[in-house]
Participant: 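Before I ask anything, here is the structure I am working with.
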Amino acid sequence: MTDGPGAADSNGSLRLLLIGPPGAGKGTQAARLSEAYGIPAVSTGDIFRENVKEGTELGVKAKEYMDAGHYVPDSLTNELVRDRLSQPDVADGFLLDGYPRTLQQVEELDDILGVNAASLDAVVVLTADTDEVVQRLLKRSAEQGRSDDTDEVIRRRLDVYAEQTAPLIDVYAQRGLLIEVDGLGAIDEVTGRIIAALASR
Ligand code: ADP
């Protein structure tokens, strides 16, 4: 088997983070990258939504924050990710979609991964301008009826992203891990851009 563009390193592991504002297309791209690189995509948003649907204790707690457009508290989110990343399927790589989103979560992830044992390979930031993401989210709201895709909650989620998550971009840039990719355009095009950017690291 030949290695594809941006294939995993020699020990076969690829550890990626995907960051971007709501509506940038993280979930869509995460699924494609997961397939392209053969690594599990772990989406904290999806895990929270599953818990809400199943009515678990975590779901009941998370729902009130999500519906208001706020982040679920770090304590709950960190515990969930620590548990998920202890499972065997992520030992050989993973793509984290939507985590970390706060500086405290960055520290927690550093701690979970350990300094040397399992560091990150790259942090992909999907960029998209505000008008475009609002349009996309309103469209998704009409199609899927997600309870946090209403006009007011969308605005709040964008503000929270700008306040709490955008600062992470500098942190990972300083570590030399950042790959910024334009999230506008056709889905395939965006996937192609990410794969090309990862290959030319
Ligand atoms: P989006 O980024 O498009 O808003 P997600 O599905 O990634 O959608 O997340 C939906 C919601 O789940 C967030 O608004 C937040 O309430 C919660 N959430 C997901 N990931 C995190 C996280 N890392 N920290 C705190 N809350 C989170």
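Along the sequence shown, residues are numbered consecutively beginning with 1. All ligand and atom numbering here is 1-based and tracks the order in the structure. Every value quoted in this text rests on a predicted model; they were computed, and no experiment measured them. Heavy atoms only: backbone and side chains are in, while hydrogens, waters and symmetry mates are out.
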Participant: Is any side-chain heavy atom of Tyr99 less than 4.5 Å from a side-chain heavy atom of Glu108?
Facilitator: yes
Participant: Hey, are Arg157 and Asp149 close enough for a salt bridge, meaning a charged N less than 4.0 Å from a carboxylate O?
Facilitator: yes
Participant: Mind checking the CG-CG spacing from Leu103 to Leu168? Nearest 0.5 Å is all I need.
Facilitator: 5.0 Å
Participant: On a heavy-atom basis, I'd like to know which of Gln105, Lys63, Arg136 is closest to atom 24 (N) of ligand 1.
Facilitator: Gln105
Participant: What's the shortest distance from atom 27 (C) of ligand 1 to any protein heavy atom, and which residue and atom give it?
Facilitator: Phe48 CE1, 3.8 Å
Participant: Decide, yes or no, whether a salt bridge links Asp74 with Arg101 under the criterion of side-chain N to carboxylate O below 4.0 Å.
Facilitator: no
Participant: My understanding is that only one of Val123, Leu177, Asp97 makes a side chain to side chain contact (heavy atoms under 4.5 Å, CB included) with Leu17; could you say which?
Facilitator: Val123
Participant: Can you pull out the closest protein heavy atom to atom 20 (N) of ligand 1? Residue, atom name and distance to 0.1 Å, please.
Facilitator: Thr44 OG1, 2.7 Å
Participant: Could you tell me whether the side chain of Thr102 reaches within less than 4.5 Å of the side chain of Tyr71, counting heavy atoms only?
Facilitator: yes
Participant: Tell me whether Asp111 is salt-bridged to Arg82, with the criterion being a basic N under 4.0 Å from an acidic carboxylate O.
Facilitator: yes
Participant: For Thr77, take its heavy atoms, then give the atoms of ligand 1 lying under 4.0 Å from any of them.
Facilitator: 22 (C), 23 (N), 24 (N), 25 (C)
Participant: Does an N or O anywhere in Arg49 fall below 3.5 Å from an N or O of ligand 1?
Facilitator: yes
Participant: Can you check which of Gln104, Glu64, Glu108, Met66 brings a heavy atom nearest to atom 11 (C) of ligand 1?
Facilitator: Met66
Participant: For ligand 1, which is the ligand I care about here, please tell me if Val72 has any N or O atom under 3.5 Å from one of the ligand's N or O atoms.
Facilitator: yes
Participant: Nearest heavy atom to atom 13 (C) of ligand 1: which of Arg157, Arg101, Arg156 does it belong to?
Facilitator: Arg101
Participant: Are any of the side-chain nitrogens in Asp46 or Arg49 under 4.0 Å away from the carboxylate oxygens of its partner?
Facilitator: yes
Participant: Please determine if Gly98 has a nitrogen or oxygen closer than 3.5 Å to a nitrogen or oxygen of ligand 1.
Facilitator: yes
Participant: Using heavy-atom distances only, which candidate in Arg146, Lys26, His70, Gln164 approaches atom 8 (O) of ligand 1 most closely?
Facilitator: Arg146
Participant: Can you name the atoms of ligand 1, numbered from 1 with element, that are less than 4.0 Å from a heavy atom of Pro22?
Facilitator: 1 (P), 2 (O), 3 (O), 4 (O)
